[in-house]
Amino acid sequence: MSKAMISTKELSKTYGRSGKVIALDKLNLEVYEGETFGLLGPNGAGKTTTVRLLNCIIKPTGGSATVGGHDLIKGSLEIKSMTGLLAESPGLYEKLSAHEFLQFMGALYDVPDDVLDTRTDKLIRLFGLHSRRNHLLEGYSRGMKQKVLIAAALIHDPPLLFFDEPTSTLDPNAALMVKDLMKDLAENAGKTIVVCSHILPIIEELCDRIGIINRGKLVAVGTIDELLARTGKNTLEKAYIDITGGVQKKELLSWRELRGAKA
Ligand SMILES: Nc1ncnc2c1ncn2[C@@H]1O[C@H](COP(=O)(O)OP(=O)(O)O)[C@@H](O)[C@H]1O
Ligand SMILES: [Mg+2]
């Protein structure tokens with residue numbers, strides 16, 4: 001049996017004074033060392049909340065968890081030093097250049113100076129940003145910023161990586177590169193990876209196991225084959241739709257006034 005890198009017990013997060021919004025409801029989940037785990041679920045299901053909890057960015061309102069053997073509350077410093085996070089809507093220091101930002105992030109993680117210099121240079125080249133490395137991030141496009149943020153998540157070469165919607169703002173070539181990078185990190189660098197993505201072919205290609213969250217609850221977990229067998233479907237897309245409640249028939253053009261409009 002593989003060792004658990006992440007283990008949660010009834011991990012919960014509510015928002016609002018009376019806890020009206022249940023963002024994550026009693027999550028029990030294990031992610032094993034060296035596996036790539038995909039987190040799927042509709043918008044607002046609780047994926048980002050889970051990722052933020054496991055990176056000690058927000059505190060749980062219930063339950064507990066360990067990451068790399070460290071307690072989520074007591075061991076938050078240790079956890080932060082061993083995780084790399086590509087957040088869904090991260091803050092970025094717009095008045096720094098890409099080079100300065102990566103150097104800054106590396107220094108925060110205590111990467112030794114000589115290692116940091118070469119690593120910064122190599123990551124900037126990997127993402128094709130070399131000619132713009134000294135330009136301020138405020139002038140970068142969304143996809144370019146995303147590349148810098150992925151580089152920043154890798155700068156301290158941590159054993160555990162979280163990618164929250166990594167390819168959503170990238171052009172097709174860059175998305176393919178990032179997918180291959182995640183694959184390489186898992187297969188050839190021994191990383192444990194948690195990835196949230198709606199791009200099912202990416203999930204299918206990369207993930208050893210998948211968890212599906214719906215309305216804050218983990219409603220399915222297993223390999224793709226296990227999810228197909230459980231639902232009796234032949235594609236991950238069909239299994240996902242089945243598990244998350246099926247497609248609801250809607251009058252998609254009901255918002256249009258018929259008066260004057262083409263019927
Ligand atoms: N800071 C916040 N304040 C209030 N509600 C929040 C906050 N962050 C997340 N939520 C709510 O928690 C639920 C889960 O959100 P999230 O984890 O971002 O979903 P996902 O990443 O799966 O799309 C949603 O209902 C969302 O509105
Ligand atoms: Mg999200």
Side-chain angles (χ1 to χ4, degrees), residues 6-31 36-65 67 72-73 76 79-80 83-92 142-143 145-150 152-153 160-170 175 178-179 182 192-204 206-207 209-222 224 227 236-237 239-248:
I6 297 170
S7 176
T8 76
K9 221 171 152 195
E10 311 274 294
L11 189 66
S12 303
K13 178 73 183 175
T14 57
Y15 286 104
R17 214 177 278 163
S18 48
K20 270 198 197 116
V21 178
I22 303 172
L24 190 64
D25 196 8
K26 298 188 178 137
L27 175 73
N28 292 305
L29 175 69
E30 305 228 303
V31 174
T36 300
F37 190 88
L39 216 42
L40 298 184
N43 299 125
K47 306 177 296 293
T48 296
T49 300
T50 304
V51 166
R52 299 184 84 204
L53 283 167
L54 295 173
N55 281 272
C56 309
I57 292 174
I58 52 173
K59 284 193 178 148
T61 47
S64 61
V67 176
L72 208 58
I73 309 282
S76 62
I79 292 175
K80 280 181 184 168
T83 62
L85 167 66
L86 172 74
E88 192 181 27
S89 12
L92 205 150
R142 248 183 106 183
K145 285 180 184 167
Q146 181 81 341
K147 292 176 186 176
V148 175
L149 289 161
I150 295 172
L160 174 59
L161 287 157
F162 292 84
F163 294 103
D164 196 353
E165 315 276 358
T167 59
S168 56
T169 59
L170 298 179
V178 167
K179 187 206 71 185
M182 289 192 283
T192 307
I193 297 178
V194 175
V195 54
C196 308
S197 176
H198 297 294
I199 320 279
L200 298 182
I202 291 187
I203 293 290
E204 269 179 307
L206 294 183
C207 295
R209 288 191 308 138
I210 292 169
I212 299 179
I213 299 188
N214 198 12
R215 297 180 189 172
K217 283 190 193 300
L218 184 70
V219 289
V221 62
I224 293 175
L227 297 184
L236 179 59
E237 186 182 24
Y240 169 86
I241 288 173
D242 187 71
I243 289 167
T244 51
V247 182
Q248 285 162 9

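These numbers come from the heavy atoms of this one structure, side chains and all, not from hydrogens, waters or symmetry mates. Counting starts at 1 for both ligands and their atoms, following the listed order.
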Between [X] and [Y], which heavy-atom pair has the shortest distance, and what is it?
X	Y	answer
Ile213	Pro42	O-CD, 3.4 Å
Val31	Arg209	CA-NH2, 4.0 Å
Pro60	Ile73	CD-CD1, 3.8 Å
Gln146	Pro166	NE2-O, 2.8 Å

Protein contact of [atom] - nearest heavy atom, named by residue and atom, plus distance:
atom	result
atom 12 (O) of ligand 1	Ala23 CB, 3.2 Å
atom 11 (C) of ligand 1	Val21 CG1, 3.9 Å
atom 9 (C) of ligand 1	Tyr15 CE1, 3.5 Å
atom 17 (O) of ligand 1	Thr49 OG1, 2.6 Å
atom 13 (C) of ligand 1	Gly44 O, 3.6 Å

In terms of atom number and element, which parts of ligand 1 are under 4.0 angstrom from non-hydrogen atoms of Ala45? 19 (O), 20 (P), 22 (O), 23 (O)

Mark up the atoms of ligand 1 that fall under 4.0 Å of a heavy atom belonging to Asn43, in ascending order. 23 (O)

Does atom CZ of Arg215 have more than 12 heavy-atom neighbours, drawn from other residues, nucleotides or ligands, at distances under 6.0 Å?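 No, not enclosed.
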
Just distances here: any N/O of Glu88 and N/O of ligand 1 closer than 3.5 Å?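 Looking only at distances, the answer is no, because the N/O contact criterion of under 3.5 Å is not met.
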
Is there at least one pair of N or O atoms, one from Thr48 and one from ligand 1, spaced under 3.5 Å apart?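 Yes; the residue has a nitrogen or oxygen that sits under 3.5 Å from a nitrogen or oxygen of the ligand.
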
Does even one non-hydrogen atom of Pro42 get within less than 4.0 Å of ligand 1? yes

Does ligand 1 have any atom sitting under 4.0 Å from a heavy atom of Gly46?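 Judged by the 4.0 Å heavy-atom criterion, Gly46 does count as contacting ligand 1.
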
Angle, OG1 of Thr48 through the Mg ion (ligand 2) to OE2 of Glu88 - 10° precision: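 Value, to the nearest 10 degrees: 110°.
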
Any protein heavy atom nearer than 4.0 Å to atom 4 (C) of ligand 1: yes

From atom 27 (O) of ligand 1, is the closest protein heavy-atom distance below 4.0 Å?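 No, because not a single protein heavy atom sits under 4.0 Å from atom 27 (O) of ligand 1.
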
Consider only side-chain N and O atoms of Ser12 and Asp25, and report whether a donor and an acceptor are under 3.5 Å apart. no

Just by distance, no angles: are the side chains of Asn214 and Thr244 close enough, under 3.5 Å, to form a donor-acceptor pair? no

Distance in Å, Ser76 OG paired with Ile57 CD1, rounded so as to fall on 0.5 Å steps: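 Spacing of OG (Ser76) from CD1 (Ile57) equals 11.5 Å.
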
Treating Thr8 as the side-chain partner and Leu27 as the backbone partner, does any N or O pair qualify as donor plus acceptor under 3.5 Å?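 Looks like yes, one N/O pair under 3.5 Å.
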
